[in-house]
Amino acid sequence: MDTETFGLLKDQLARYVEERLIPAEDAVEEADDIPPDIVAEFKAMGLFGLSVPEEFGGLGLTMSEESQLVRILTRASVTFRSLIGTTVGIGSQGIMIDGTEAQKAEWLPKFATGEAIASFALTEPGAGSDAASLRCSAVQEGEYFRINGTKRYITNAPRATVFTLMARTDPGNRGAAGISAFIVPADSPGISLGKPDRKMGQRGAKTCDVILEDVMVPAANIIGGVPGQGFRTAMKVLDRGRIHIAAVALGMADRLIEMSLAYAMERQQFGQRIGDFQLVQAMLADMEVDRLTTAALLERTAARFDAGEVTARECSVLKLHASEAVGRIADRAVQIHGGAGYMAEYKVERFYRDVRLLRIYEGTSQIQQTIIAKSMMREKS
Ligand SMILES: Cc1cc2nc3c(=O)[nH]c(=O)nc-3n(C[C@H](O)[C@H](O)[C@H](O)COP(=O)(O)OP(=O)(O)OC[C@H]3O[C@@H](n4cnc5c(N)ncnc54)[C@H](O)[C@@H]3O)c2cc1C
């Protein structure tokens, strides 16, 4: 997108966040849902199609551009981002990265308009960090695969039109090479949803189990058309997703710092602003260091992604740093607010709960650490 148009888009989104989304945050928290008119506005603004190439009707943004918009969007409650997050990211990227031309032609235009919502279904009750051990089975019967299994904590499952779902097509291979990625329409007979998960935070963002009982999926729905590639596809999707999550962390950091700074400059104790106490200043300064290091690392990693140069290790370094950094920022934000920071009336309380998820999904911090360290050792040997 040319610089001027992109600048206008950023300004438009920033205004929308300020004037429309931030005032709607409390209602979303209370209703545990996003109002339909906001969903419609997201569609009208093209937000579902950020990452879809222009030839398929999307905005065709680069990762650098997507990161900037996601940062702006997540100044408002991160729940709003979750609405588009799986369609822009992990739910659709398998098709975008590894899909056949026919698969792209069928799905990408629908993702671009928000007509179809995509979810990513990898995790299972027995397979979280060790995703390669997943047990959901896909057995070929002629032109179809019969899929059986349960997927857990699937974001946007209640809203999904389609799942990109990883299942084991080779029962003889218990590892990654036995896994294929499928495009599974959510209305396929045999699919049912568990009851909505009750979560610590991110109210309004929906997750639940997806249960598959004898779901027949055409063999043509294997992403890329080749069985056994599904785990690799999922890992490519997650590498990109980790850059997206860092942008989420940064948007949340912006808001947390904004709120903390305002509070520190307004709240009086011992006859002065609490921001005049050096111990409070230390917290503010540490927050800023965490924010700027995240921003710099995000800009670099997204640019390297766009240049086709990024490695899985760099994506993990970024995700680890960004999610841990915003966790520290949220913790300090609550501290700066004192007792008020513990009260639901102040938004830092909600951000503190919402931000906790970033260190867990799309690979826990420990999994990022193992990816980074293993890669360092491989390089050395
Ligand atoms: C709100 C929410 C939304 C989600 N959305 C989706 C989604 O849309 N699609 C999807 O597929 N999944 C989704 N997930 C699943 C998420 O990705 C997993 O929860 C996550 O990967 C961790 O898996 P687990 O919960 O099974 O934890 P476990 O893997 O059981 O981990 C438990 C603990 O053990 C540690 N651990 C595990 N293995 C190692 C190791 N080798 N070395 C060191 N420590 C280790 C972990 O770091 C963690 O601290 C979502 C989860 C949540 C909570």
Side-chain angles (χ1 to χ4, degrees), residues 32 77-94 117-136 147 149-168 175-176 179-184 186 191 193-212 223 230-231 233-242 244-245 248-249 252 315-316 319-320 323-324 327 350 353-375 377:
D32 194 9
S77 163
V78 69
T79 294
F80 294 115
R81 193 283 322 183
S82 80
L83 180 65
I84 60 159
T86 56
T87 303
V88 168
I90 54 175
S92 70
Q93 286 297 327
I117 304 278
S119 273
F120 178 78
L122 175 65
T123 305
E124 298 180 359
S129 299
D130 184 14
S133 71
L134 64 81
R135 299 178 62 167
C136 181
I147 305 187
T150 298
K151 295 293 177 178
R152 181 135 294 173
Y153 309 144
I154 305 306
T155 303
N156 274 335
R159 299 187 172 108
T161 318
V162 67
F163 297 102
T164 55
L165 180 137
M166 276 44 74
R168 190 167 299 286
I179 295 170
S180 303
F182 288 88
I183 301 169
V184 183
I191 292 190
L193 300 181
K195 59 179 180 351
D197 296 321
R198 294 179 60 227
K199 312 190 299 311
M200 175 191 290
Q202 304 209 4
R203 281 173 62 81
K206 304 288 183 188
T207 69
C208 67
D209 279 4
V210 178
I211 302 127
L212 300 103
I223 293 180
F231 193 75
T233 296
M235 292 305 113
K236 285 187 231 173
V237 166
L238 287 175
D239 282 346
R240 187 187 182 285
R242 286 164 187 162
H244 181 104
I245 294 293
V248 173
M252 295 180 85
C315 296
S316 288
K319 203 265 184 181
L320 176 65
S323 58
E324 294 283 338
R350 194 187 65 229
R353 287 183 287 109
D354 288 354
V355 91
R356 190 62 185 82
L357 180 58
L358 271 59
R359 289 156 61 191
I360 296 171
Y361 68 178
E362 301 203 23
T364 63
S365 288
Q366 291 70 39
I367 292 305
Q368 309 308 330
Q369 287 171 319
T370 61
I371 292 171
I372 297 162
K374 278 183 194 163
S375 155
M377 289 192 287

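All values reported here derive from a predicted model rather than from experimental measurement. All ligand and atom numbering here is 1-based and tracks the order in the structure.
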Open item on the list: Any nitrogen or oxygen of I367, side chain or backbone, less than 3.5 Å from one on ligand 1?
Closed with: no
TODO: Give the residue and atom name of whichever protein heavy atom lies nearest to atom 8 (O) of ligand 1, and the separation in Å to one decimal.
DONE: T155 N, 2.9 Å
Task: T123 N/O under 3.5 Å from ligand 1 N/O - done: yes
Open item on the list: Using a 3.5 Å cut-off on N or O atoms only, is Y153 in polar contact with ligand 1?
Closed with: yes
Task: Ligand-residue contact atoms, ligand 1 with G128, heavy atoms, under 4.0 Å - done: 23 (O), 24 (P), 26 (O), 29 (O)
TODO: Any chance you could lay out the side chain to side chain contact (heavy atoms under 4.5 Å, CB included) test for I245 and Y361, step after step, and finish with the verdict?
DONE: CA-CA 9 Å; I245 294 293; Y361 68 178; 3.6 Å; yes
Open item on the list: Tell me the protein heavy atom at minimum distance from atom 42 (N) of ligand 1, and give that distance in Å.
Closed with: T370 CG2, 4.0 Å
Open item on the list: Would the distance check show the side chain of S119 and the main-chain N or O of T155 forming a donor-acceptor pair, the cut-off being under 3.5 Å?
Closed with: yes
Task: Distance filter under 4.0 Å to E362 heavy atoms, resulting ligand 1 atoms - done: 17 (O)
Task: Under 4.0 Å to a heavy atom of T207 - the qualifying atoms of ligand 1, by number - done: 1 (C), 3 (C)
Open item on the list: Please identify which of these residues, K151, R152, R135, meets the salt bridge (Lys or Arg N to Asp or Glu O under 4.0 Å) condition with E124.
Closed with: K151
TODO: Look at atom 21 (O) of ligand 1 and say which protein heavy atom is nearest, naming residue and atom and giving the distance to 0.1 Å.
DONE: I360 O, 4.0 Å
TODO: Look at D239 together with R242 and state whether they make a salt bridge at an N to O cut-off of under 4.0 Å.
DONE: yes
TODO: Would you mind checking which non-hydrogen protein atom is closest to atom 53 (C) of ligand 1, with the distance to 0.1 Å?
DONE: L357 CD1, 3.5 Å
Open item on the list: What protein heavy atom lies closest to atom 22 (C) of ligand 1? Include the residue and the distance to one decimal.
Closed with: T364 CG2, 3.8 Å
- [ ] Using distance alone, decide if ligand 1 has a nitrogen or oxygen within less than 3.5 Å of any nitrogen or oxygen in F120.
- [x] yes
Task: Selection residues 194-203 - residue pairs positive for side chain to side chain donor-acceptor pair (under 3.5 Å), sequence neighbours left out - done: D197-T207
Open item on the list: How far is atom 43 (C) of ligand 1 from the closest protein heavy atom, and which atom is that?
Closed with: Q366 CB, 3.8 Å
Open item on the list: Applying side chain to side chain contact (heavy atoms under 4.5 Å, CB included) to V237 and T164, what does each step give before you reach the verdict?
Closed with: CA-CA 11 Å; V237 166; T164 55; over 6 Å; no
Open item on the list: So does G85 get a backbone contact from the side chain of S82, meaning a donor-acceptor N/O pair under 3.5 Å?
Closed with: no
- [ ] Return yes when at least one protein heavy atom is under 4.0 Å from atom 47 (O) of ligand 1, and no when none is.
- [x] yes
Task: Donor-acceptor pair, side chain of K319 and main chain of T364, under 3.5 angstrom - done: no
TODO: Would you check whether S129 has a nitrogen or oxygen atom less than 3.5 angstrom from a nitrogen or oxygen atom of ligand 1?
DONE: yes
- [ ] Verify, without hydrogens or angle tests, whether T161 (side chain) and I117 (backbone) share a donor-acceptor contact under 3.5 angstrom.
- [x] yes
Open item on the list: Counting only nitrogen or oxygen atoms and a 3.5 angstrom limit, does R152 reach ligand 1?
Closed with: no
Open item on the list: My question is simple, although I want it checked carefully: is atom 34 (O) of ligand 1 less than 4.0 angstrom from any protein heavy atom?
Closed with: no
Task: Residues D209, L193; criterion side chain to side chain contact (heavy atoms under 4.5 Å, CB included); working and verdict - done: CA-CA 6 Å; D209 279 4; L193 300 181; over 6 Å; no
Task: Residue pairs, two or more places apart or on separate chains, that pass side chain to side chain donor-acceptor pair (under 3.5 Å) and touch residues 125-134 - done: D130-S133
